[in-house]
Amino acid sequence: MSKHEYIAVSERDGLGFIELNRPKVLNAINRPMVSEIVEAFEEFDRNDNVKVIILSGKGRAFAAGADIDEMSEDGAIDLELLNQFTEWDRLAWIKKPVIGAVQGFALGGGFELALCCDMLFAAEDASFGFPEVNLGVMPGAGGTQRLTKLIGKSRAMEWLLSGDRFTALQALEWGVINRAIAPELLMEETEKFAKKLASKPPLSIRLIKESVHKAVDYSLYEGMQYERKNFYLLFASEDQKEGMKAFVEKRKPHFKGK
Ligand code: CAA
C-alpha cells in the first residue's frame, strides 16, 4: 500500500514523478499534503536512479491553492506557532532539476508551489493567479517574493493586487512558464524534455541549477565568484574527464554522475 494519502509517487526511466492527488477538491494543498510533497522531493533527491523530478496534479487542476477549509478558523498566533511555511522552504534545497507540468488551475498556494519548480511547462488552457486578495489575505508561501523576482515589480503588482486569473499564454509572454503546450501533449512533452536533462552529466546539472538560483539573490560579483567555484569543482569529477576525452576522441560520452 502506498504510504502517501495526498500524492502519488512513481519512478521510471530516470524520472521521479510526484502527482498531487486530491482531485475532488482540485488538489487543494493541506498541511499533511505539504509534508508528503516535501518528503517525496527529498527522497527523490537522495535516489541515484532519479535524475529529474516532475511535479503535476491529477484531475482538472494543478492545485487550486492552500486548503481554505483547513485554515479558515486559524488565528495569527496559531499560524506563527505552527510555522508551517518553513516546511515549504525545504523545497528550495532540492538539488535535482524540478519541472512542473501544469494543467488547469494553478492558484494561490498552488501557484506558489509551481513557482518552486525550476521550469514550468503548462497546458494551453492552464490558468494562474493569486486570488488570496479576494479572501482578505495574501500569499504566504513565497508568492509576492518569487513572482516579483521572476517578472519584476509592475507585472507582479498587477497579478497579486488584482487577484485575476491569467492564461498560460500571458504567463508565457511574461516569462513565468517555459512552454505552453496542447493539453493532451503536456506530459509527453514534459517527459521528453526531462529525459534530455536526465541524459546529461548529473553533477553539471546540479551545479548549474545551484548557480542559477544564486543569481536570483546574489550581487553579480558574488554570483560570478560562486559560479567560478562550481566551474572549478566540476574539474574534480570523472564526468569532466570523460566528457572532454569523448569530445577529443569523437565519440559519445558515458557519464556516471561521479
Ligand atoms: N481549498 C479548499 N477547497 C477547494 C479549494 C481550496 N483552495 N479550491 C477548490 N476547492 C474545492 C471546492 O470547495 C469544491 O468542493 P465541493 O465539491 O466539496 O464543493 C471543489 O474543490 C471543486 O471546486 P469548485 O466547485 O469551486 O470548482 P469550480 O470549477 O466552480 O471553480 C475555482 C474552480 C475557480 C478554482 C474555485 O474552486 C476557487 O476559486 N477555488 C479557490 C481558489 C483560491 O482562492 N485559492 C487560494 C487559497 S489561499 C492560499 O493559497 C494561501 C497561500 O498563499 C498559502
Side-chain angles (χ1 to χ4, degrees), residues 4-8 18-41 55-92 94 98 100-117 120 122-151 153 155-171 176-177 183 186:
H4 303 106
E5 192 174 346
Y6 301 109
I7 62 173
I18 301 173
E19 278 181 291
L20 311 183
N21 191 16
R22 293 184 83 198
K24 281 194 184 136
V25 287
L26 306 182
N27 297 323
I29 303 168
N30 60 13
R31 289 167 195 143
M33 188 193 215
V34 174
S35 303
E36 289 189 3
I37 294 168
V38 173
E39 279 159 25
F41 267 112
L55 177 67
S56 63
K58 275 192 201 278
R60 64 188 179 95
F62 175 77
D67 188 327
I68 297 171
D69 295 333
E70 183 184 54
M71 69 184 144
S72 60
E73 299 299 326
D74 281 338
I77 303 302
D78 301 328
L79 292 173
E80 166 60 24
L81 294 176
L82 190 63
N83 198 17
Q84 68 190 54
F85 294 124
T86 39
E87 202 168 25
W88 289 70
D89 292 345
R90 280 158 50 200
L91 292 175
I94 299 301
V98 178
V102 177
Q103 93 291 359
F105 301 106
L107 302 178
F111 192 5
E112 288 172 308
L113 184 60
L115 290 173
C116 292
C117 298
L120 289 174
E124 284 159 349
D125 59 2
S127 67
F128 299 81
F130 281 115
E132 284 91 337
V133 66
N134 302 322
L135 300 169
V137 287
M138 61 178 283
T144 61
Q145 305 304 298
R146 284 210 167 89
L147 189 69
T148 307
K149 283 179 192 282
L150 192 59
I151 65 176
K153 187 189 86 174
R155 288 171 167 173
M157 283 287 187
E158 184 177 338
W159 216 321
L160 287 150
L161 294 176
S162 70
D164 286 347
R165 292 209 293 267
F166 290 83
T167 62
L169 219 56
Q170 183 77 80
V176 175
I177 63 171
L186 176 65

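We count ligands from 1, going down the list as the structure has it; atoms in each ligand are counted the same way. Small disclaimer: the values here were computed from a predicted structure and weren't measured.
- Shortest non-hydrogen contact noted between Ala168 and Ala123 is CB-O, 3.4 Å.
- Contacts with ligand 1 closer than 4.0 Å are made by no heavy atom of Ile29, backbone or side chain.
- When the heavy-atom distances from atom 54 (C) of ligand 1 to Arg165, Met138, Glu112 are ranked, the shortest goes to Glu112.
- Of the protein's heavy atoms, at least one falls inside 4.0 Å of atom 51 (C) of ligand 1.
- In this structure, atom 14 (C) of ligand 1 has its sub-4.0 angstrom surroundings free of protein heavy atoms.
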### Message
Does Trp159 form a side chain to side chain contact (heavy atoms under 4.5 Å, CB included) with Asp164? I'd like the steps, not just the answer.
### Response
CA-CA 6 Å; Trp159 216 321; Asp164 286 347; over 6 Å; no

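- Met71 CE, 3.5 Å is the protein heavy atom nearest to atom 48 (S) of ligand 1.
- The closest donor-acceptor contact from the side chain of Asn27 to the backbone of Ala61 lies under 3.5 Å.
- For atom 37 (O) of ligand 1, the closest non-hydrogen atom on the protein side is Leu26 CD1, 3.7 Å.
- Residue-ligand proximity, Leu135 to ligand 1, at heavy-atom distances under 4.0 Å covers atoms 44 (O), 47 (C), 48 (S).
- Considering only heavy atoms from C-beta on, Gln170 stays 4.5 Å or farther from Phe128 through its side chain.
- The nearest heavy-atom contact from the protein to atom 47 (C) of ligand 1 is Ala66 O, 3.7 Å.
- Within a 4.0 Å radius of atom 26 (O) of ligand 1, the protein has no heavy atom.
- Around CD1 of Ile77, the count of heavy atoms belonging to other residues, nucleotides or ligands within 6.0 Å does not exceed 12.
- Here CD1 of Ile7 is found 11.5 Å from CD1 of Ile29. Values are rounded to the nearest 0.5 Å.
- Heavy-atom separations between Gly143 and ligand 1 are all 4.0 Å or longer.
- Of all protein heavy atoms, the one lying nearest to atom 18 (O) of ligand 1 is Val25 CG1, 4.9 Å.
- Taking CD from Glu39 and CD1 from Ile18, the interatomic distance works out to 11.0 Å, rounded to the nearest 0.5 Å.
- Using a 4.0 Å cut-off between heavy atoms, Ala64 contacts ligand 1 through both its backbone and its side chain.
- The nearest heavy-atom contact from the protein to atom 30 (O) of ligand 1 is Arg60 NH2, 4.7 Å.
- Put simply, atom 7 (N) of ligand 1 has protein non-hydrogen atoms near it, under 4.0 Å away.
- Distance from atom 1 (N) of ligand 1 to its nearest protein heavy atom, with residue and atom name: Ile68 N, 2.9 Å.
- Within 4.0 Å of atom 10 (N) of ligand 1, at least one protein heavy atom is present.
- Nearest to atom 39 (O) of ligand 1 among the protein's heavy atoms is Leu107 CD1, 4.9 Å.
- Short contacts between ligand 1 and Pro139, defined as distances under 4.0 Å to a heavy atom of the residue, involve ligand atoms 53 (O).
- Checked by distance only, ligand 1 and Gly140 come closer than 3.5 Å through their nitrogen or oxygen atoms.
- Every atom of ligand 1 with a heavy atom of Gly108 under 4.0 Å away is listed here by number and element: 50 (O).
- Contact between Leu161 and Val133 at its shortest, heavy atoms only, is O-CG1, 3.7 Å.
- For atom 20 (C) of ligand 1, the closest non-hydrogen atom on the protein side is Lys24 O, 3.4 Å.
- Ring geometry for Phe130 versus Phe111: interplanar angle under 30°, hence parallel rather than tilted (30 to 60°).
- A salt bridge links Arg31 and Glu70; the closest N-O separation between the charged side-chain nitrogens and carboxylate oxygens is under 4.0 Å.
- Counting heavy-atom neighbours within 6.0 Å of Leu169 CG, excluding the residue itself, gives a total of 12 or less.
- No side-chain N or O of Gln103 forms a donor-acceptor pair with one of Ser56 less than 3.5 Å apart.
- Taking each heavy atom of Asn21 and Met33 in turn, the nearest pair found is N-CE, 4.0 Å.
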